Amino acid sequence: MRISSVGSSTTPGADLPDHPSFLWRNPEPKKHYDVVVIGGGGHGLATAYYLAKNHGITNVAVLEKGWLAGGNMARNTTIIRSNYLWDESAGIYEHSLKLWETLEQELDYPILFSQRGVLNLAHTLQDVRDSVRRVNANKLNGIDAEWVDAQQVKELCPIVNISPDVRYPVLGATYQPRAGIAKHDYVAWGFARAANAMGVDLIQDCEVTGLDVVDGRVTAVGTTRGTIGAGRVALCAAGHSSVLAKMVDLELPLQSHPLQALVSELLEPVHPTVVMSNAVHVYVSQAHKGELVMGAGVDSYNGYGQRGAFHIIERQMAAALELFPVFARAHLLRTWAGIVDTTPDASPIVGLTPVEDLYLNCGWGTGGFKATPGVGWCFADTVAEGRPHPLISAFTLDRFTTGALVDEHGAAAVAH
Amino acid sequence: MSLYRLPDRGRVDRSTPVTFTYNGSPYTGYAGDTLASALLANGVHQVTTSIKYGRPRGIMAAGPEDPNALVQVETPFPEPMLTATTVELYDGLVASGLSGQGRLATEPDPARYDAMHQHCDVLVVGAGPAGLTAALTAARSGARVVLLDDQPEAGGSLLGTTELIDDRPALEWVEAAVAELDSLPEVRVLSRTTAFGFYDDGFVLALERRTDHLGFAAPEHLSRQRVWRLRAKHVVLATGAHERPVVFADNDRPGTMLAASARTYLHRYGVRCGQRAVVFTTNDSAYQAAVDLADAGLEVAAVIDARPQSPAGWAAECAERGIEVRSGHVVTGTTGHERVIRAHVAQLTDGRPQLRSGIGCDLLLVSGGWNPAVHLFSQAGGRLSYDDALGAFVPSSSLEAVTVAGAARGTFQLDGCLADGGEAAQRALAGLGRPTAGGTPPRPSAAHESAERPLTLWTVPDPDEQHAGATQFVDLQRDATVADVLRATGAGLRSVEHVKRYTTIGTAHDQGKTSGIISSGLVAQSVRAGIADLGTTTFRPPYTPVSFAALAGRDRGHLHDPERVTPLHLLHVAAGADFEDVGQWKRPRYFPRAGEDMDTAVLRECRAARESVAMMDASTLGKIEVEGPDAAELLDRLYTNLMSSLKVGFIRYGVMCGVDGMAIDDGTVMRLADDRFLLTTTTGNAAKILDWMEEWLQTEWPDLAVRLTSVTEQWATVALVGPRSRDVLALVAPELAVDNDSFPFMTWREAMVAGVPARVCRISFSGELAFEVNVSGWDAVTLWEALLAAGESYGITAYGTETMHVLRAEKGYPIIGQDTDGTVTPQDLGMSWVVSKKKPDFIGKRSFARAENQRADRKHLVGLLPVQRDILLPEGAQLVADPQIGPPPVRMLGHVTSSYRSAALEATFALALVKGGRDRIGQTLYSTVGDELVPVTVAEPVLYDPEGARRDG
Amino acid sequence: MQLIPCPWCGPRDEVEFHYGGAAHVAYPEDPQSLTDEDWARYVFFRDNPKGPFAERWCHTASCRRWFNAIRDTATHQVLAVYRMDEAKPVTS
Ligand SMILES: Cc1cc2nc3c(=O)[nH]c(=O)nc-3n(C[C@H](O)[C@H](O)[C@H](O)COP(=O)(O)OP(=O)(O)OC[C@H]3O[C@@H](n4cnc5c(N)ncnc54)[C@H](O)[C@@H]3O)c2cc1C
Ligand SMILES: [Zn+2]
């Protein structure tokens, strides 16, 4: 039943689809699982789902120290795109984007994937060169990409200020029409529900405090809810990856930084796409209910406190108003921060580790939400088969020794 | 006088009537009203309809915690989504109700915004009784105190009550306290100022609304809002408490209001919110509202007390006024359309409501207890614990430099608050090592003893068992109900954070100030867990919404980022230069003459440089002086090549790499003396390279005796380029021997140039005979004008960065950052010659030995010549081997980094990074141009004068 | 925004500082003698603890001096600051 509506109009777009009436069990942990996934964020949940779905491995537990998908998965700004510069990145992110395009049906969950396009603005001549380079690379990699000039930017997003009379005028942008946003909680819960339905145990309030290694092979995980035996262990702990790896003396080239984001109150639709600017340093979309969702760069120091400093927000606001003068009297409603695991080359680390049966997925830093289905797919395959899936084989730990980095911040220089 | 405005009460200014428009209808109020109080005074309760179900919604509270009364303000400038309870009334205000989504103005906001920094010993947030005593106590000791409060005047809860302090009306005490504070030189009292964020180490952000209440009369020169960045040694949080409702069916009906808020409307604004009231409570505090309203002439039909026993003292007061008290009863629902006309009341037996009866009313006051406003404390990292007696979360941990006082920590009686404030200040002063000044603490009039413990009741069981909870609204703004919470727990959710996301409770404009704890309570009940274990959702900044513009402050437009210009900038502007942003610098890109586009201008400028003489302002180059006995050693460690062998008077080109072996910058190094060098960096990298050098010097090699000084701004630099440059220089520097033998390539001389002292370098970034003349910034204009005059007969031509780029590219000189991208080594650039084989080590060297650096198919910098000589390759074009684009992914061999039309070559050309490029010289590759491929020939990077014949003129 | 006590200037706002990551990572004595693994460890691998962390800061907007700090990465509390030439203090 629907309760009586007295008034006439309800605000369009101000409501979200209902969640299903059942999501998951809250089981007690079993003594042993074939695969224990550490970390119940998007990546952990997607990995568990594809282990069950693609590989028939259902004796799986996802261990989460807090509430399911309450880490970066609950805090990100949900930008999804695949227009990365290097071939290796394009491979995994485009694979992921293709999965996004059918994920709603796959999970039977209204994840609100909206392919509204993403604009990455260029403000200097070097931005323009880098942008054109990336567009050309994307096209040859089969990824939809366009270079658009300032006027076209204005057509795609009329509220962008393209006046030449600003501090850093908009010179143009790269545009990926298939890119967009989705609703993060819905995505996480979609994977969780589907994994649960296939028999995966989702165990919350269960912090992993140790890893048992016998003869170079991981055999069990110690947790706040007791020791749990594991055939294989798949690490999906994002910002806490270093802390976990340290338990088996595995050093990782990661630094954990606060990354903040914010929302405004709900506003009538003004912003039809997603706009990112690295030079002026802000990115914005208007989410489904009408709130402006914004973010910028990381706080410079290491931090696990899920909080950052306010001057980062203030600068971001200044940048936002440079690009979108109409935002002047929008209001900041809420700010928050996640803990992002950044790598020296801004690319992830996925694959095997020196410890047998321990698999690693980390280093997605400021941009791993978009990879959720893609990495879940490939990481599950890697764990199931005991060898790197081809699409993640470039993202080894070893690359830091050989020098074969996949440097996505030099010329690519687009975060998130 | 309207039926609802009392003639003799309230602090509104009756001599200043104010007209305003709400939802299209004209109304009148008074200065001192809020939009909410003025609407209530006009009998308007419904302000809007709800977001999801379109149900009528009214004013619930009198402060920022109101969950309902969302309005859009239209004048003097549109502002989305404010709460009617926080909008101060001004003449000409036009506003309308919002159903959830606000509307942004399409015009730019004309207002100014700014920010202030303030340091203090003690910051007191909240100027209620606790905050005022805290501020007074601290201030009397001589401490530097800031007291702020979000209301237009101090007093806090006292503004809405009739309390006595020291035997006089409490507000007289408030007035005296503020006057005393104002008189102290080290004290600042800020009103209309909301502390909205508590960050690390006593850093508190507050927003002062300076002119909003003035409406059209706001002076243009004043900033509209100001952000205060406060750094306090100790913070006293006296932020009060928010009353919360009890949830029952159709509890969203306008006319339903928090009890204490009705009392505030009465005493502070002289407004009675209805004619016949029913008061529903779970605690003693609402009795005061019942009594005060009755005394103000409202009919109070009944007090419905959910507790089995009503407090004796209060019951007697009610009896005196003929107010019926029904203990052990609850309100289960309401009747009405746009406004409540009847409250449904039933006895509560064993937690179940019995037969219900209706009580007619147009005002239903509710009190479910009080939530201490712990937001800032929690933001500061303070822990909260659940207080069973209060049914609320209160501060539990103690933070070193933060003290919570008064209602904010669950002290709800006035005497307690006054004492608390003093103690908080004493704790702060003790921490600061300051003695407390004496003085008698203020004394309130005798309070009612709190006779009965409050009852914690989140929701009244729904009499409609079939649709239980469907109209029991928990979060009114989100239209989220008890049924929604139960559905969430039924779905398997246990965490309050999950339930928040499932139901959206607490995500709206009010961020769940009144609804959050109710939701937690319901979840606890539903999953049979302790609310203490479930906790609350996280309190995050800002406490109340803050406009983007206020946060952006002055950092907008041309102040968004500093603009750096050279001493010659005005001359360039006068010459009609087109500028390029390079880092923070404005650099002339080219100097178009009448009718010229960039291509023609650049061709002309290039021709002048190659055929006669041209000049460029190169002042933006980073310049660093390196001085000290170990200066040469430091440079040897940082550059890939040897610098210590450089002789005084000579110049050497150098490259720096990161530890990963990738080129990070290049430039020239002049040896000024044995222990003194001056090096140049690329324009955009100057600060980074200075930092880089300092980092190594200070953190790794503190034993080296070296000093680094940035002298970028001290020197202005003009590049004088072309076969006639020597002639021009000779004219302006008559004492300088300029012939090749006296002044060879890669040397520098001190001389008078244009009558001013100068350092002249013979270096060339174009392959032509060229000089760089460095003079003090003060003399730049003299130099520039002298060169222009001296070169006139040679047709001397000013050029910009674009021509510089063409000239250097013709010679294959890379630009770090354009022809490199952080993945390119000096060897990749074809510059093995700049990498010392002799030095045992330098930064980056070890990385050259890694496996990846040994690959033959690394990308090399090469030249490209389009087969069709007039096609300009786009910079950023990708290169492939096949003339046909196959299905993706197509293997890419590299990309175009620089591409120009060359006057000298009479053709277009490009530089590119190409896999195994040096082994492909002469081969044909294909470059993307739009969606086409065009053939290009791979060439040596040096396309012009490869023998270097032009260098010496 | 953290208040960072510069050993030379006193407590100042975080915005005045530049972060330099882990402290006490010495440049190798003889890089050429290292294996690729050990060199990679020096170039790319840094401690990333949750809790007290010895790290470097530079007071860029003022005295421009580098110094070390022990700061708790979970709470942002600065437990100690010390000059580059001072030994790492014991904090607990
Ligand atoms: C503010 C912000 C904005 C972002 N914006 C974007 C964006 O626009 N687009 C994009 O693609 N990406 C974005 N990201 C990045 C993206 O959120 C992350 O890369 C991604 O979520 C990481 O994968 P995850 O979901 O598995 O991580 P998480 O959700 O963080 O999951 C890791 C989980 O591991 C758990 N855990 C940690 N230690 C233990 C332990 N010892 N035992 C048990 N469990 C443990 C954590 O509690 C956590 O739930 C953003 C991130 C942030 C913080
Ligand atoms: Zn300092």
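First the proteins, then the strands, lettered A, B, ... as listed; each starts at 1. Treat the numbers as computed from the prediction; the structure is a model and nothing was measured.
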- Message: So for B:Val896, is it side chain, backbone, both, or neither that comes closer than 4.5 Å to the heavy atoms of chain A?
- Response: neither
- For B:Ala491 and A:Pro20, which heavy atoms make the closest approach, and how far apart are they? CB-O, 4.1 Å
- Given the options A:Ala328, A:Ala319, A:Ala69, A:Pro325, which has more heavy-atom pairs under 4.5 Å with chain B than any of the others? A:Ala328
- Task: Using non-hydrogen atoms and a 4.5 Å limit, figure out which bit of B:Ala508 sits close to chain A: side chain, backbone, both or neither.
- Result: backbone
- Query: What closest approach, in Å, do A:Thr335 and B:Pro542 show between heavy atoms, and which atom pair accounts for it?
  - Reply: N-CD, 4.3 Å
- Query: For B:His558, is it the side chain, the backbone, both or neither that has a heavy atom under 4.5 Å from a heavy atom of chain A?
  - Reply: both
- Any side-chain heavy-atom pair of A:Leu68 and B:His498 under 4.5 Å: yes
- Between CG on residue A:Leu125 and CD on residue B:Glu875, distance to nearest 0.5 Å: 8.5 Å
- Top residue by heavy-atom pair count (under 4.5 Å) with chain B, among A:Tyr168, A:Trp336, A:Phe327? A:Tyr168
- Query: Among A:Val263, A:Val326, A:Ile143, which has the most heavy-atom pairs under 4.5 Å with chain B?
  - Reply: A:Val326
- Output the distance between atom CG (A:Leu266) and atom NE2 (B:His509), rounded to the nearest 0.5 Å. 9.5 Å
- Message: Using a 6.0 Å cut-off, check whether atom CZ of B:Arg554 has over 12 heavy atoms from anything other than its own residue.
- Response: no
- Pick one of side chain, backbone, both or neither for B:Arg855, based on which atoms fall under 4.5 Å of a heavy atom in chain A. neither
- Task: Can you see which heavy atom on B:Arg850 is nearest to which on A:Thr401, and at what distance?
- Result: CD-O, 3.7 Å
- Message: Is B:Gln818 close to chain A through its backbone or its side chain, or both, or neither, when contacts mean heavy atoms under 4.5 Å?
- Response: both
- Could you walk me through whether B:Val227 and A:Phe310 pass the side chain to side chain contact (heavy atoms under 4.5 Å, CB included) test, one step at a time? CA-CA 12 Å; B:Val227 171; A:Phe310 197 68; 5.5 Å; no
- Message: Can you tell me how far apart CE (A:Met317) and OH (B:Tyr113) are? Round to the nearest 0.5 Å.
- Response: 13.0 Å
- Task: Would you please test B:Thr823 and A:Leu405 for side chain to side chain contact (heavy atoms under 4.5 Å, CB included) and show each step?
- Result: CA-CA 9 Å; B:Thr823 69; A:Leu405 305 191; over 6 Å; no
- In terms of heavy-atom proximity below 4.5 Å to chain A, should B:Gln584 be classed as side chain, backbone, both, or neither? both
- Could you check if a side-chain atom of A:Leu321 sits within less than 4.5 angstrom of a side-chain atom of B:Asp109, using non-hydrogen atoms only? no
- Task: Indicate the ring-plane relationship of A:His19 and B:Tyr502, choosing parallel, tilted or perpendicular according to the 30° and 60° boundaries.
- Result: parallel
- Message: Can you tell me which portion of B:Glu563 sits under 4.5 Å from chain A's heavy atoms? Options are side chain, backbone, both or neither.
- Response: both
- Message: Please classify the contact of B:Gln854 with chain A as side chain, backbone, both or neither, using a heavy-atom distance under 4.5 Å.
- Response: neither
- Verify, without hydrogens or angle tests, whether B:Gln878 (side chain) and A:Val135 (backbone) share a donor-acceptor contact under 3.5 angstrom. no
- Note on the structure: Of all heavy-atom pairs linking A:Arg129 and B:Thr897, the shortest is CD-O, 3.9 Å
- Query: Does B:Asp200 reach the main-chain N or O of A:Ala309 with its side chain, forming a donor-acceptor pair under 3.5 Å?
  - Reply: no
- Item | Side chains of B:Met892 and A:Asn141 in contact at under 4.5 Å (non-hydrogen atoms) | yes
- Message: For the CD1 atom of A:Ile313 and the CG atom of B:Leu551, what is their distance to the nearest 0.5 Å?
- Response: 8.5 Å
- Task: Quick one: which of A:Trp189, A:Phe22, A:Trp67 has the most heavy-atom pairs under 4.5 Å with chain B, could you say?
- Result: A:Trp67
- Message: For A:Arg193, which atoms come within 4.5 Å of any heavy atom of chain B: side chain, backbone, both, or neither?
- Response: neither
- Item | Under 4.5 Å from a heavy atom of chain A, the part of B:Pro78 involved | backbone
- Message: Report which part of A:Arg25 has an atom under 4.5 Å of a heavy atom belonging to chain B: side chain, backbone, both, or neither.
- Response: neither
- Locate the shortest heavy-atom distance separating B:Glu852 from A:Ala404; write the atom from each residue and the value. OE1-CB, 3.5 Å
- Task: Check whether A:Phe400 gets within reach of chain B through its side chain, its backbone, both or neither, counting any heavy atom under 4.5 Å.
- Result: backbone
- Please state whether the side chain, the backbone, both or neither of B:Asp931 comes within less than 4.5 Å of a heavy atom of chain A. side chain
- Note on the structure: Counting heavy-atom pairs under 4.5 angstrom with chain A, the leader among B:Gly817, B:Gly930, B:Gly886, B:Gly553 is B:Gly817
- Task: Sort B:Ser847 into side chain, backbone, both or neither according to what part of it lies under 4.5 angstrom from a heavy atom of chain A.
- Result: neither
- Answer whether the closest heavy-atom distance between the side chains of A:Glu268 and B:Leu104 falls below 4.5 Å. no
- Item | Best-contacting candidate, B:Leu493, B:Asp555, B:Leu70, against chain A by heavy atom pairs under 4.5 angstrom | B:Leu493
- chain A contact via B:Tyr543 - side chain, backbone, both or neither, heavy atoms under 4.5 Å: neither
- Please look at A:Asp165 and chain B and tell me whether the side chain, the backbone, both or neither of the residue comes under 4.5 angstrom of a heavy atom of that chain. both
- CG on B:Asp510 to CD on A:Glu265, rounded to 0.5 Å: 13.0 Å
- Between the NE2 atom in A:His331 and the CZ atom in B:Phe548, the distance rounded to the nearest 0.5 Å is 9.5 Å
- Message: Do B:Thr507 and A:Glu291 have side chains that approach each other closer than 4.5 Å (heavy atoms only, starting at C-beta)?
- Response: no
- Message: What I'd like to find out is whether the side chain of B:Arg487 reaches to under 4.5 Å of the side chain of A:Asp18, using heavy atoms alone.
- Response: yes
- B:Arg494 versus chain A, the contacting section by heavy-atom distance below 4.5 Å: side chain
- Side-chain contact, heavy-atom cut-off 4.5 Å: A:Glu314 with B:Arg229? yes
- Which atom names give the shortest non-hydrogen contact between A:Arg133 and B:Asp821, and what distance separates them? NH1-OD2, 2.8 Å
- Student check: side-chain heavy atoms of B:Arg501 and A:His184 closer than 4.5 Å: no
- Query: What residue in B:Pro541, B:Gly490, B:Ser495 has the most heavy-atom pairs under 4.5 Å with chain A?
  - Reply: B:Pro541
- Task: Against chain A, label B:Leu82 side chain, backbone, both or neither, depending on which of its atoms sit under 4.5 Å from a heavy atom there.
- Result: side chain
- Query: Less than 4.0 Å between a side-chain N and a carboxylate O, is that true for A:Arg167 and B:Asp581?
  - Reply: yes
- Task: Name the option with the most non-hydrogen atom pairs under 4.5 Å to chain B; the candidates are A:Leu332, A:Asn161, A:Val132.
- Result: A:Leu332
